[in-house]
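Presented below is the structure to which this report refers.
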Number of protein chains: 2
Amino acid sequence: MTIEQLNASDEYRVRIFKALADHTRLQIIRTLKGSLTELNCGEVGERCEASKSNASYHFRTLREAGLILVRKEAQTKYIQLHQETFDTYLPGFLDSL
Amino acid sequence: MTIEQLNASDEYRVRIFKALADHTRLQIIRTLKGSLTELNCGEVGERCEASKSNASYHFRTLREAGLILVRKEAQTKYIQLHQETFDTYLPGFLDSL
DNA sequence: TAAGTTGTTCAATAGTCATAGAACTATTAT
DNA sequence: ATAATAGTTCTATGACTATTGAACAACTTA
């Protein structure tokens, strides 16, 4: 099933809400939202007090829900919020966070 | 912990998102949103194709997340969306559903 | 090339969630 | 009283989730 097909269905909504239904992932989102500079996985994980593998697990969950975007540069991966998904499925949510 | 204290914290957000992260519960919300007349538990459960005990389980989850309100009349319980919670934590969500 | 950095994947584990059916409570109607 | 109706709670079960540490892969630098 493509992302386009998922978008139209409850399954995608469920995936988004599952991704948001976790304290660590909310912290990750809050960290990304609040940072003035671009952050990599390690920096975000550290600020959220998650172990390396645990942080990676949460990044995958967020990425598969379309909530973050990842840019790779050498061995480092930089993360940012996928604003469009929030705008479409959760208008106003980021502001309330 | 009171609802007032929960409101201020991530824990309440997590509870809300967990409550929304299920297909049956999204259907319940959609059913309540779309109905012109007041519906009771049995009617909602039937329209969402959930067994009696399963529907009751989902109603509890939604109620504990503050997403529905229940009014008892004789042996029947009527359910409605708790609009205020949606307005506060999920502005625009019901419209997008 | 060897060592260091950054991040992912695997395997194991403990905890939570969704589901069904049976038993139960509360209320109404005969 | 008895039976019928509307929901809830209990028990068991299978599936999924979050977490950790170890092993791995990719890239950089000494």
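Please read all numbers here as calculations on a predicted model, not as lab measurements.
- With rounding to whole Å, B/Glu64 atom CD is found 12 Å from D/dT8 atom P.
- Rounded to whole Å, the distance from NE2 on B/His58 to C1' on D/dT9 is 15 Å.
- Taking atom NZ on B/Lys72 and atom P on D/dT5, their separation rounds to 18 Å, with Å as the unit.
- Contact of the A/Val70 side chain with the A/Phe59 side chain is not registered, since no non-hydrogen atoms from C-beta on lie closer than 4.5 Å.
- A 4.5 Å side-chain heavy-atom check between B/Leu20 and A/Arg13 finds every atom pair outside the cut-off.
- The side chain of A/Tyr57 lies closest to D/dT19, out of D/dA22, D/dT8, D/dT19.
- Rounded to whole Å, the distance from NE2 on A/His23 to P on D/dA18 is 13 Å.
- With hydrogens and angles disregarded, a donor-acceptor distance shorter than 3.5 Å links the side chain of A/Thr31 to the backbone of A/Gln27.
- Distance from the side chain of B/Ser56 is smallest to D/dT8 among D/dT8, D/dT17, D/dT20.
- Straight-line distance from the NZ atom of B/Lys18 to the P atom of D/dT17: 11 Å, rounded to whole Å.
- In this structure, A/Phe93 and A/Phe86 have parallel ring planes: the angle between them is below the 30° cut-off, well short of the 60° mark.
- As judged by a 4.0 angstrom heavy-atom cut-off over every strand, A/Thr76 is placed among residues touching the sugar-phosphate backbone only.
- Distance CZ (A/Phe59) to C1' (D/dT19): 15 Å, rounded to an integer number of Å.
- Where A/Asn54 and A/Gln75 meet DNA chain C, the nucleotide closest to each residue was compared, and A/Gln75 sits on the side nearer the 5' end.
- Between A/Gln83 and A/Leu94 the shortest side-chain heavy-atom distance falls below 4.5 Å.
- Nucleic acid contact class of A/Arg25 (heavy atoms, under 4.0 Å, all strands): sugar-phosphate only.
- Atoms CG (B/Asp22) and P (D/dA15) sit 17 Å apart, rounded to a whole Å.
- Two residues are said to be in side-chain contact when any heavy atoms from C-beta on lie closer than 4.5 Å; B/Arg60 and B/Arg63 meet this criterion.
- Distance, A/Lys52 NZ to D/dA23 P: 12 Å, rounded to whole Å.
- Taking the 5' to 3' direction, DNA chain C first and last meets chain A under 4.0 angstrom from a heavy atom at C/dT5 to C/dT9.
- Checking A/Ala74 against A/Ala50, the closest nucleotide of DNA chain D that is more toward the 5' end is the one next to A/Ala50.
- Aromatic ring pairs are classed by plane angle as parallel below 30°, tilted from 30° to 60° and perpendicular above 60°; the pair B/Phe17 and A/Phe17 is parallel.
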